[in-house]
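Atoms considered below: every heavy atom in the structure, side chains included; atoms not considered: hydrogens, waters and symmetry mates. A quick note: this is a predicted structure, and the numbers were derived from the prediction, not measured.
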Amino acid sequence: MKTFFNWAILCMIYGFTMTAISCSDNDDNVPALSAPKGITYTNVSSNSFTVTWTAVSDASTYTVKIKDEWGELTDKFQTVTEPTATFTGLEPEKKYWIAINATYSNNSSTSPFSEWKTIRMAEGTIAKEFASGAGIEHLPFVIKTPGQLKLMSYLVNKSNENKENTLDTQNDIEIKMDPAIDYSKAYYELADDIDMSKIDNWTPIGTGLDNKQIQMPEKNMFTGHFNGKGHTVRNLTINYSGNEPNAIYGLFGLTGAGCTISNLNVESDITTIHTGTKEVANYLLVGGIIGYSFRTTINNCTFKGNIRASFSTDIYGTAMVGGICGNMTGELINNCMVEIPASNEFIVCGNSPQVGAILGYGDRGSIQYCSANIDGLIQAEAKPIDSSAESGIDNASTFVGGICGSSSGVIIGGCEVVINGTLHSISKKPTDEADITTIASVGGIVGNYGADMLGSCNILIAGSVKAEADNIANAGGAVGVQSRAGYGATGLHAVITGEVIANVKSRVYGSSDVAYAGGIYGTGSFQMSSGSLQDTDVTIKGKVIAIHPQIAMSGGIAGSMMTLIRCWTVIDKNGLLSAEGGVAGASCGGITGNLLSGNIYGSYTICKGVMNAKAVTATDRNTINMGGIAGVANGTRFARKIVTGCYSLIEGTMSATGPITFIGGIAGLSSSYTTMNATYWWSASDAITGHSGAMGASETFRIPDTSQASLEEAAQNMNTPLDNYGYFFYREKDKCLNITTKLQ
């Protein structure tokens, strides 16, 4: 037994020694190779990628294997001499695996293969399928990538055209359409932020093509539901140049009745140029989120970026542009916000361009609790305008608003606007001889407003709100021009540290042309006799100016206005309220430059700065009117005017310069058909009288001083006739009388 054991030991030792000698003789002492390490992927596209790894010492070649979920793709194996390899001809979105080994030059020794390492191909410009979901309310289609968002656009736009399997010819990707699903009515949601920087040919979701009339669309629209889940679609670029009669562009183009878009943030750069001719009515409807919203609800969405829209040849073309929506008919924009940074701009050109930070043009519906931060530029310019008689154009209007450019039936409430940049409305004639009326309107909330209700809005203007035209200019801290508003407006509050300017400097103008500027309204009238502007105030620390060679009207609240109730103006010591008129005069008032019709109740002005009215072009027939409450409150036999329970305190300067001047602590120009009832004034200057005109000068209602006792006595007298319009009380911190609604 011992002999056998010794023999076994010797065999083992001897055999091992021979093996070692044999290896040494054949491989010349070459050490064993290790599997390649440091495998990484670069230049990954939808159909190719490059793989690199750390070079193996003394290796001469490498074998690179690839497989998919079905097995190894032997026809794609590669042998390379450098530690890199590129694979092409692969399938988008598909998952592959790579393994690599190393070999000596004489092939006498190879390393083990590395572990399989996974890579997923990019999706290309359009994905084959959504991340998940079935398109129903409780199981929406889930979108995680740019290609999947483009897939949504593709399927929505194809949904009414082709229910069968189809092929995307650009990318040669088979896209299956379920004939049981109407993708234009389905539910979708984002599950991640989407970077669209590599998508350069965006087609809006719902093209809006082939609708014969823009007011009542019936085809090619998205009527489903999209929830952004608070995610952002950024770097979206839209560049359109074409002649579609109704060109509708945005992330969404045309959305229809019942559609909802919610919780979505969009950052994009949009440029649209319409190349159509005047033979058809051409529209550009452009929105950062929706081009044209037809009876759609848009909730909790934001936009940030640039939008430019113009016409290259059509002198009739109409452009409507908004950060949330270009055009809206019905339903709601709620709790949305638009940001225009200092380097960004909304610029719109056409015959009647309309642009707003939130909405371009609205016909019915509601904008509630929205906000705009405007550090850049919003501008509308009426051009090109054909001056030939054959053009048939007799009016060119532009409308710009911090919320909405123009409206003929949209309720606006609870909105906030901060303007550190510029709102600019421009309408100029191509030549002095052109028989065209040019009108420019701009407002911190809306440029042109005709609706039922407007209220509870706050505006801060540290930049510029400016209207420039050759005929009529309207500029207001809240509204440029208002008409057809059945119930008027209430609760508008503005602080102006910058400028609000209505500027007309044309050499050729009409006898009815005018410039209106106001801290709240340029000018306003109401359809219903009961309509009025109520509970509204402005603080002017900058300047509000109306300029016109014919006639200019400016007011702390409005250049010209109908009935005003519980409104007040404070002109800071550095503030300026001015009307610079011409051959037909100028009017300036602490509340309104001109009381167009109706009455003024429970309103007041405190002027610590400068109120000024002057004639730039003086004639013997123009009048310069200046009043602490109204520049002109000129009643007639058939339209009597009443100023009840109002007061003005003029600590600063009131001046009127011209051939004929009327200046009063309450009204400048008035008449025997104008009633001043329990209305008081005080001025630091003896040059100001109570009211003037046909009734002559009067100091009947002059307050002896501004002590608390004198003001409270005036308040007691004013409160009685005010009755249900409110009452005044002494506010200690401001040393003045404040007005509030009457306690019941």
Quick one: salt bridge (Lys or Arg N to Asp or Glu O under 4.0 Å) partners of E91, sequence neighbours excluded?
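With sequence neighbours excluded, E91 shows a salt bridge (Lys or Arg N to Asp or Glu O under 4.0 Å) to K94, given in chain and number order.
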
Identify, with sequence neighbours excluded, every residue that meets salt bridge (Lys or Arg N to Asp or Glu O under 4.0 Å) alongside D192.
none

Ring of W97, cation from K117 - is the NZ or CZ under 6.0 Å from the centre and inside 45° of the axis?
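Relative to the ring axis of W97, which defines the angle, K117 lies outside at least one limit.
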
Charged tip of K158 within 45° of Y183 ring normal and under 6.0 Å
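No; the conditions do not both hold, so K158 does not lie above the ring face of Y183.
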
Is the backbone N or O of [Y] less than 3.5 Å from a side-chain atom of [X], with the two atoms forming a donor-acceptor pair by type?
| X | Y | value |
| --- | --- | --- |
| N265 | G230 | yes |
| T232 | L264 | no |
| T237 | D269 | no |
| N220 | L209 | yes |
| S312 | H274 | yes |
| W202 | L251 | yes |
| N47 | L90 | no |
| T275 | G242 | yes |
| T255 | T296 | no |
| Y62 | V56 | yes |

Salt bridge flag under 4.0 Å for residues R234 and D193
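D193 and R234: salt-bridged.
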
Stepwise side-chain hydrogen bond (donor to acceptor under 3.5 Å, both in side chains) test for E72 and T74:
CA-CA 6 Å; E72 293 185 359; T74 56; over 6 Å; no

Audit row: T329, D363, side-chain hydrogen bond (donor to acceptor under 3.5 Å, both in side chains) steps and yes/no:
CA-CA 5 Å; T329 299; D363 177 12; 4.8 Å; no

When rounded to the nearest 0.5 Å, the distance separating CZ of F222 from CD1 of I205 is 7.0 Å

How many angstroms lie between atom OG1 of T118 and atom NZ of K67, to the nearest 0.5 angstrom?
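Result: 8.5 Å between the selected atoms.
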
Aromatic contact between F226 and F252, with the criterion being ring centroids under 6.0 Å apart: yes or no?
yes

What orientation do F130 and Y188 show, parallel under 30°, tilted 30 to 60°, or perpendicular over 60°?
perpendicular

Might you work through the side-chain hydrogen bond (donor to acceptor under 3.5 Å, both in side chains) test for T40 and T52, ending with a clear yes or no?
CA-CA 5 Å; T40 58; T52 60; 2.8 Å; yes

Could you walk me through whether T86 and T50 pass side-chain hydrogen bond (donor to acceptor under 3.5 Å, both in side chains), step by step?
CA-CA 4 Å; T86 298; T50 297; 3.0 Å; yes

Would you mind listing every ring pair (Phe, Tyr, Trp, His ring centres under 6.0 Å) that reaches into residues 228-250, with sequence neighbours excluded?
Y240-Y249

